[in-house]
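First up is the structure itself, then whatever we jot down about it.
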Amino acid sequence: MQPVIYAEIREAGYPNGFTIRNAELELYPGELLVIAGESGSGKTTLVRVLTGTIKLVGGYYRGKVLIGNTSINDISPDEFHSKVAYIPQEPWFALIGYSVETEYCHSLAVAGHTCEFFDLMKLGLGRKLKNPTYGLSAGETQRLIWAESLARDSSIFILDEPLVYIDRYAREMLQSVVKTTLKDGRAVVVVDHNPLFWKDLASKIIYLQNGQPIYSGQWRNDLVSHSLTFNRGVRSTDEVAIRVENIWFKYPGGEYLFRDFSLSIKEKIITGLTGPNGSGKSTLLKIMAGVLKPKRGKVIGKGKRIYIPENPLLYFTKPTPWEELYYASNGDESKLLDIAERFNLKKVLHRPLARLSSGERRRIALASAFLSKYQIYLLDEPTGGLDDASSREVLEHLTEMADSGLTIILSAHDERVFRILDETVEVGGE
């Protein structure tokens with residue numbers, strides 16, 4: 001039997017920057033390969049090689065990558081699109097349609113398929129056909145792209161951190177979809193900071209460390225059987241940092257997410273916003289930050305506020321971490337180097353932000369915001385895509401910030417984050 005993906009990668013990366021070396025893999029129909037490793041170890045770089053997109057971000061590779069029996073260099077975009085479904089960690093980059101219906105139908109039309117909504121309904125988006133795509137949550141955006149990929153009948157699925165933005169129900173849904181996909185003889189590649197989630201379905205695993213595979217072969221539980229332990233005493237306070245009073249909000253073309261909604265967030269503690277995909281957690285953070293304005297009602301806040309979005313690239317104003325942190329520190333190199341040490345960023349200070357992993361970008365955004373000395377921090381999925389070691393660093397920094405008298409309000413599906421919360425608010429839209 002011929003492998004659906006075969007790769008011998010001698011070297012790949014970015015000029016004068018990060019590289020991966022000596023990665024080999026072959027994947028057959030019905031197999032699931034997990035690509036694992038610490039944040040910044042080269043997982044996304046490897047995926048960019050497998051999808052032929054590394055050159056689009058200024059990178060290169062030396063070696064051989066075959067899709068079926070065709071070199072990735074020779075395969076046409078149309079053929080690649082028909083065979084491979086690539087769902088990036090930043091799903092918003094994969095959309096072009098204004099509404100869910102137009103996005104879904106355009107994707108199928110390009111691949112020569114009739115626009116039928118079975119797969120869209122299977123992934124829980126049947127009631128959102130007319131909703132604008134820019135009003136979708138990140139988790140809903142991921143599910144929309146999965147639905148398009150299933151409907152196109154792709155033979156290979158490549159998923160980069162698919163669990164980051166989705167709730168528990170959607171994770172179970174995805175696991176069921178992947179199980180069916182494998183039974184149908186299609187192959188799946190998954191990049192995940194939580195590889196144990198896939199242990200019942202995975203056939204193979206590659207574990208990367210500093211750009212080198214330390215293991216590549218059949219699945220092994222012992223290779224990824226670590227877990228994050230983090231304990232913190234709960235703080236309490238009676239003072240209010242932000243009060244949301246009787247707000248009404250909806251996106252143009254959509255239904256109201258909030259109707260006469262009120263909420264008080266206490267200061268100097270860590271408050272978590274929880275709820276299913278599409279319930280309005282990210283929207284509420286943006287309203288509290290002043291990024292979005294409610295149709296009616298008001299937000300009263302105490303102190304300077306900063307919002308760090310799910311996509312940290314939207315936060316940055318400079319091209320490299322050094323310049324971003326230098327600006328945030330008002331030109332104090334001592335502070336810059338101290339925060340880079342604390343957030344484990346020294347190795348990437350002079351690399352372009354666009355070439356860093358999502359996990360590295362998140363840590364840089366947090367470090368920059370911390371240097372800028374705000375009183376209230378509104379964070380969307382602060383540990384999204386981070387391995388346990390990097391998550392521990394972020395959670396420790398958030399704890400220190402709250403203990404020093406700062407207010408942290410965050411939205412998360414990551415159960416590791418729940419261990420540091422002082423209060424939890426369930427967001428259910430209307």
Side-chain angles (χ1 to χ4, degrees), residues 90-93 95-104 120 124-144 165-167 169-170 239-267 271-315 369 374-382 407-413 423-430:
E90 294 93 350
W92 37 82
F93 293 141
L95 300 185
I96 60 172
Y98 171 77
S99 70
V100 170
E101 182 177 21
T102 56
E103 163 63 27
Y104 182 78
L120 203 62
L125 294 172
R127 297 178 60 188
K128 301 220 168 190
L129 289 178
K130 304 300 181 182
N131 286 42
T133 52
Y134 68 81
L136 297 177
S137 70
E140 290 171 323
T141 302
Q142 280 186 320
R143 281 189 275 154
L144 172 56
Y165 303 112
I166 59 176
D167 55 43
Y169 170 73
E239 297 295 321
V240 173
I242 292 184
R243 181 177 289 110
V244 177
E245 294 185 353
N246 309 111
I247 63 166
W248 293 64
F249 181 86
K250 69 173 182 177
Y251 292 99
E255 299 178 353
Y256 273 100
L257 266 174
F258 298 103
R259 296 175 182 264
D260 201 25
F261 177 82
S262 297
L263 173 68
S264 291
I265 301 290
K266 295 177 181 178
E267 68 174 2
T271 300
L273 306 181
T274 65
N277 292 137
S279 60
K281 301 183 298 299
S282 296
T283 300
L284 183 56
L285 284 177
K286 293 174 185 176
I287 291 172
M288 289 191 287
V291 176
L292 295 175
K293 302 294 183 184
K295 301 290 184 182
R296 282 188 278 169
K298 60 184 177 180
V299 177
I300 302 170
K302 182 190 296 184
K304 288 174 59 181
R305 288 164 273 173
I306 182 65
Y307 168 67
I308 301 179
E310 294 165 313
N311 178 7
L313 283 176
L314 299 177
Y315 173 85
Y374 292 89
Q375 284 76 51
I376 300 174
Y377 292 78
L378 299 114
L379 314 176
D380 213 341
E381 298 288 352
T407 300
I408 312 294
I409 308 166
L410 56 85
S411 167
H413 293 295
E423 289 198 353
T424 303
V425 176
E426 180 78 19
V427 179
E430 319 180 15

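None of the values given here were measured: they were computed from a predicted structure. We count residues from 1, following the sequence as given. Values reported hereafter were calculated over all heavy atoms of this structure, with side chains retained and with hydrogens, waters and symmetry mates removed.
Between Thr141 and the options Thr133, Leu125, Leu136, a side-chain contact (heavy atoms from CB on, under 4.5 Å) holds for only Leu136.
Between Glu426 and Thr274, the side chains place a donor N or O and an acceptor N or O closer than 3.5 Å (distance only, hydrogens not considered).
A donor-acceptor pair under 3.5 Å is absent between the side-chain atoms of Tyr315 and the main chain of Glu310, judged by distance alone. Judged purely by atom type and a 3.5 angstrom limit, Thr102 has no side-chain atom pairing as donor or acceptor with the backbone of Gly97.
When all heavy atoms of Pro132 and Pro252 are compared, the pair lying nearest together is CG-O, 3.2 Å. The two residues Tyr377 and Ala369 have their closest heavy-atom pair at OH-O, 3.1 Å. Contact detail for Gly280 and Val427: the closest heavy-atom pair is C-CG1, 4.1 Å. The two residues Ser411 and Pro382 make their nearest non-hydrogen contact at O-CD, 3.7 Å. When all heavy atoms of Pro294 and Gly297 are compared, the closest pair comes out as CG-O, 3.9 Å.
Checked against the 6.0 Å centroid criterion, the rings of Phe258 and Trp248 do not qualify as a close aromatic pair.
Within a 6.0 Å sphere centred on NZ of Lys304, heavy atoms belonging to other residues, nucleotides or ligands number more than 12.
Between Leu257 and Lys250 there is no side-chain heavy-atom pair separated by less than 4.5 Å. Within the 4.5 Å cutoff, side-chain heavy atoms of Ile300 are placed close to those of Glu245. With contacts defined as side-chain heavy-atom distances shorter than 4.5 Å, the pair Tyr104/Leu144 qualifies. Side chains of Tyr251 and Leu292 form a contact here, defined as non-hydrogen atoms less than 4.5 Å apart. Under the 4.5 Å side-chain criterion, counting only non-hydrogen atoms from C-beta, Met288 is not in contact with Ile247. Side-chain contact between Ile409 and Ile376 is present, with heavy atoms from C-beta onward closer than 4.5 Å. Side-chain contact between Asn277 and Arg143: present, with at least one pair of heavy atoms (C-beta onward) separated by less than 4.5 Å. Proximity of Leu284 to Leu263: side-chain heavy atoms (C-beta onward) are separated by under 4.5 Å at one or more points.
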When you look at Asn131 and Leu129, which way does the side-chain contact (heavy atoms from CB on, under 4.5 Å) test go after all the steps? CA-CA 6 Å; Asn131 286 42; Leu129 289 178; over 6 Å; no

Checking side-chain contact (heavy atoms from CB on, under 4.5 Å) for the pair Tyr134/Tyr98: CA distance, chi angles, key distance, verdict? CA-CA 8 Å; Tyr134 68 81; Tyr98 171 77; 3.8 Å; yes

Start with the C-alpha gap between Ile308 and Asp380, add the side-chain angles, then the distance that decides, and say whether side-chain contact (heavy atoms from CB on, under 4.5 Å) holds. CA-CA 6 Å; Ile308 301 179; Asp380 213 341; over 6 Å; no

Output, in order, the C-alpha distance, side-chain angles, deciding distance and verdict of side-chain contact (heavy atoms from CB on, under 4.5 Å) for Lys281 and His413. CA-CA 10 Å; Lys281 301 183 298 299; His413 293 295; 3.5 Å; yes

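Rounded to the nearest 0.5 Å, atoms NZ (Lys302) and CD1 (Ile242) are 11.0 Å apart. Rounded to the nearest 0.5 Å, atoms OG (Ser262) and CZ (Arg243) are 9.5 Å apart. Between atom CZ of residue Arg305 and atom OH of residue Tyr374 there is a gap of 12.0 Å, rounded to the nearest 0.5 Å. Taking CG of Leu285 as the reference point, atom CG of Leu273 lies at 5.0 Å (rounded to 0.5 Å). Between Arg296 atom CZ and Tyr256 atom OH the span is 6.0 Å, to the nearest 0.5 Å. The CG atom of Leu95 sits 4.5 Å away from atom CD of Glu103, with the distance rounded to the nearest 0.5 Å.
A salt bridge does not link Glu239 to Lys266: none of the charged side-chain nitrogens sits closer than 4.0 Å to a carboxylate oxygen.
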